[in-house]
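Model, not experiment: these values are computed from the prediction.
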There are 2 protein chains.
Amino acid sequence: MGITSKDIARICGVSRGTVDRALNNKPRIKQETKERILKTAQELGYRPDLIARSLVTGKTMSLGVVVFDIRNRYFAQLLNSIEITAKKRGYFVNITLQEKDPYMEIKLIDSLVDRRVDGIILCPVNKGDGVGEYLRNLPIPLVVVGNFISPGIPFIGIDEFKAASDAFKLIVSKGYQRIVFVCPPLADKDKENIYSHEKRLEGFMAAAEQMKAIEHIVIDNWDYMNEIKKLVKKNDLKTAFFCSGDTFALEIMKLFRSLKITIPDQVGIMGFDYIDTLEYVTPALSTIYNPVSEIGSKAVETLIDLIEGKEVEPYLLIEHKIIMGESL
Amino acid sequence: MGITSKDIARICGVSRGTVDRALNNKPRIKQETKERILKTAQELGYRPDLIARSLVTGKTMSLGVVVFDIRNRYFAQLLNSIEITAKKRGYFVNITLQEKDPYMEIKLIDSLVDRRVDGIILCPVNKGDGVGEYLRNLPIPLVVVGNFISPGIPFIGIDEFKAASDAFKLIVSKGYQRIVFVCPPLADKDKENIYSHEKRLEGFMAAAEQMKAIEHIVIDNWDYMNEIKKLVKKNDLKTAFFCSGDTFALEIMKLFRSLKITIPDQVGIMGFDYIDTLEYVTPALSTIYNPVSEIGSKAVETLIDLIEGKEVEPYLLIEHKIIMGESL
DNA sequence: TTGAAAGCGCTAACAG
DNA sequence: CTGTTAGCGCTTTCAA
């Protein structure tokens, strides 16, 4: 395509080895020839062919990322922080979307490996020992975010269990007598990795166990809107809806608005994740801050450490935080 | 790293050329040997090294993308559609973020070229003949989305001018007597490419010119919140705020909520872009649907056509659409 | 301090 | 139908 190191060698009347020494400031070269080479390289607008370099070094300086979907706020923020951190460390990112297709997920990981990315960040839809085994046998390092897969594959996320039980307790402290855990993804338990939601459920149940005076209900299917409609009719106990994701909470708020049910006077509501959409909705939703940017940058750092052969934390939890809005 | 075509050749007792013919089903090979080779390749789990292939073919089957930011809804949707379309066509996507830094933008384009991507999709922050010249001289094709740069560089976007004047007319038809065009990016005219906003302004002004009975005001700075506060005090004419971006509209709605000014009873408001956040805000914002997914997929199609040496539309406009909400 | 040669894994051209 | 050879552009020995 353009000008190669061979051209420079020829023009400067030196060998390609010497050009390499000058260009990548390696030792054992005379200052004078070095300068001469650099000068002509500059003048000719020489740019090294990174593909050729990769072939010999075995490094591409790029990271592969596999997630569901970018339109999802959670992933948009995650990818943003991954890209920025990677760039800072001199890496490029190859973003691929599996659209919640387990088969596609594997295909994408394979093609990233074929393209010789130096490592992969995965938010898995697959689960089970099979994938665990498969991932551990990859020829390049991989870290998992959000949904845990199995020990031996570095994981970065939050303490979902604690976050959910913290939320439960907070809601109780606000005087609610019935708490409904709204978690539609539970319906997909068999076909998808919904580790984070399962952990949230566990945290919710553990807290409920501790506080038996509080009635608790779990909604674990995608027809949650209708279930909620029925629930709000029997207006006996002071009820809060704790949603395993802000979007569910937003949908429910929309429903309540149409039913003329006011929040928090008639029912309470709490979300999870603190997606940026919340900035513009009223009443402000109480939720749990999911530190997705930190997760993204830690994932990159961990992955690069792994690439460089360093030891890493196999299971890294980032602090979450409760955000008090006006919806409780 | 793994098993190479050389290994297969050795094991099958044939030459590498023959292996190549089998693997990439090229002609001039006996069916029998082909099957034998494919079988052993399969058994050994052979995967071609795409880097090595790229070095010789000169193609990487990947597209570079340069945009501001992924957290921005507009870009999140754009990138989503770019990735999906590219994948369909067998291409990978390298996403890079320039964070509105013109210098970084050039650096990123250069590194994408160094990495030998086959083409680039750019939403530029740079402007002017200098960049135009620079981009036209790239060794690979490039298409521009959103902000036009200069003729000769294929562009994909919407008819901003018409969209804005359509909006003006719609607002007038709702009985408003004063229309305020809120467009803070105009303040950055000198340092950034804000083509789309400038065109919107032109469309607004052209419509205002046609309908002289309507008072029109332009707010072109980032202190727009205070200007609007002042404006709403003088409650003489029926006023609507037409924002050159939904996020400005959302900010203003938030302001009005805090000032107890009701929409649309006391003031009207209109946005631009139809970002997905709108789904959860009330009252539903009237806005202009910016077909960003179509723009993304068309950008990929155009770029691939260019890569394949086909002729393309140099200036492609996608249809916008007015979305009627409850805010007017 | 520099040059020469080998090789990364693949494809492509030309012989056989 | 198959083998041989060359070469993509770079880095990396080893020798001078």
When the distance from [atom1] of [X] to [atom2] of [N] is rounded to whole Å, what number comes out?
X	N	atom1	atom2	result
A/N24	D/dT12	CG	P	8 Å
A/L23	D/dT12	CG	P	13 Å
A/R16	C/dA4	CZ	P	12 Å
A/D20	D/dT12	CG	P	7 Å
A/D114	C/dC8	CG	P	19 Å
B/K59	C/dA12	NZ	P	12 Å
B/K6	C/dG7	NZ	P	8 Å

query: Roughly how bent is the helix from C/dT1-D/dA16 to C/dG16-D/dC1 end to end, in steps of 10 degrees, with each end axis from five pairs?
result: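 End-to-end axis angle: 40°.
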Look at the side chain of [X] and decide which nucleotide, out of [options], has an atom nearest to it.
X	options	value
A/T4	C/dC10, D/dC10, D/dT12	D/dC10
B/R21	C/dT11, C/dA13, D/dT11	C/dA13
B/S15	D/dT11, D/dG3, C/dT2	D/dG3

field: Under the side-chain contact (heavy atoms from CB on, under 4.5 Å) test, residues paired with B/E32 that sit two or more places apart
entry: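 B/E32 satisfies side-chain contact (heavy atoms from CB on, under 4.5 Å) with B/K30 once adjacent residues are dropped.
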- request: Check salt bridge (charged side-chain N to carboxylate O under 4.0 Å, His left out) between A/K34 and all other residues, then give those that pass, not counting sequence neighbours.
  value: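 For A/K34 there are no salt bridge (charged side-chain N to carboxylate O under 4.0 Å, His left out) partners, ignoring immediate neighbours.
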Salt bridge (charged side-chain N to carboxylate O under 4.0 Å, His left out): pairs with one or both residues in [range], sequence neighbours excluded:
range	value
residues 48-70 of chain A	A/D49-B/R116, A/D69-A/R71
residues 100-109 of chain A	A/K100-A/E192
residues 131-149 of chain B	B/E133-B/R136
residues 13-22 of chain A	A/D20-A/K26

- prompt: What do you reckon, is NZ of B/K298 surrounded by more than 12 foreign heavy atoms closer than 6.0 Å?
  reply: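 No.
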- prompt: Just to confirm, is there a sub-4.0 Å distance from OP1 or OP2 of D/dT11 to any side-chain nitrogen or oxygen of A/K26?
  reply: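 No, no such contact exists.
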query: OP1 or OP2 of C/dG3 sitting under 4.0 Å from any side-chain N/O of A/T18?
result: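 True: A/T18 side-chain N/O within range (under 4.0 Å) of C/dG3 OP1/OP2.
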task: Report the relative orientation of the aromatic rings in B/Y315 and B/F148; use parallel for angles under 30°, tilted for 30 to 60°, perpendicular for over 60°.
output: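 B/Y315 vs B/F148 ring planes: perpendicular.
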- request: May I have all residue pairs that pass ring-ring contact (aromatic ring centres under 6.0 Å, His included) and include part of residues 87-142 of chain A, sequence neighbours excluded?
  value: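 Those involving residues 87-142 of chain A do not exist here.
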message: Taking ring-ring contact (aromatic ring centres under 6.0 Å, His included) as the cut-off, I'd like each qualifying pair that reaches into residues 57-76 of chain A, sequence neighbours left out, listed once.
response: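 As it turns out, the ring-ring contact (aromatic ring centres under 6.0 Å, His included) pairs with a partner in residues 57-76 of chain A, which skip direct neighbours, are A/F68-A/F75.
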task: Tell me, please, which residues at least two apart from A/N80 pass side-chain hydrogen bond (donor to acceptor under 3.5 Å, both in side chains).
output: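 With sequence neighbours excluded, A/N80 shows a side-chain hydrogen bond (donor to acceptor under 3.5 Å, both in side chains) to no residue whatsoever.
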- prompt: So which of residues 27-35 of chain B are in contact with DNA chain D, with a heavy-atom cut-off of under 4.0 Å?
  reply: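 When residues 27-35 of chain B is checked for heavy atoms under 4.0 Å from DNA chain D, the hits, listed by number, are B/R28, B/I29, B/K30, B/T33.
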Interface residues of residues 43-57 of chain B with DNA chain D (non-hydrogen, below 4.0 angstrom):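 When residues 43-57 of chain B is checked for heavy atoms under 4.0 Å from DNA chain D, the hits, listed by number, are B/L55, B/V56.
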message: Please check: side-chain N/O of A/D118 versus main-chain N/O of A/T60, any donor-acceptor pairing under 3.5 Å?
response: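 Yes.
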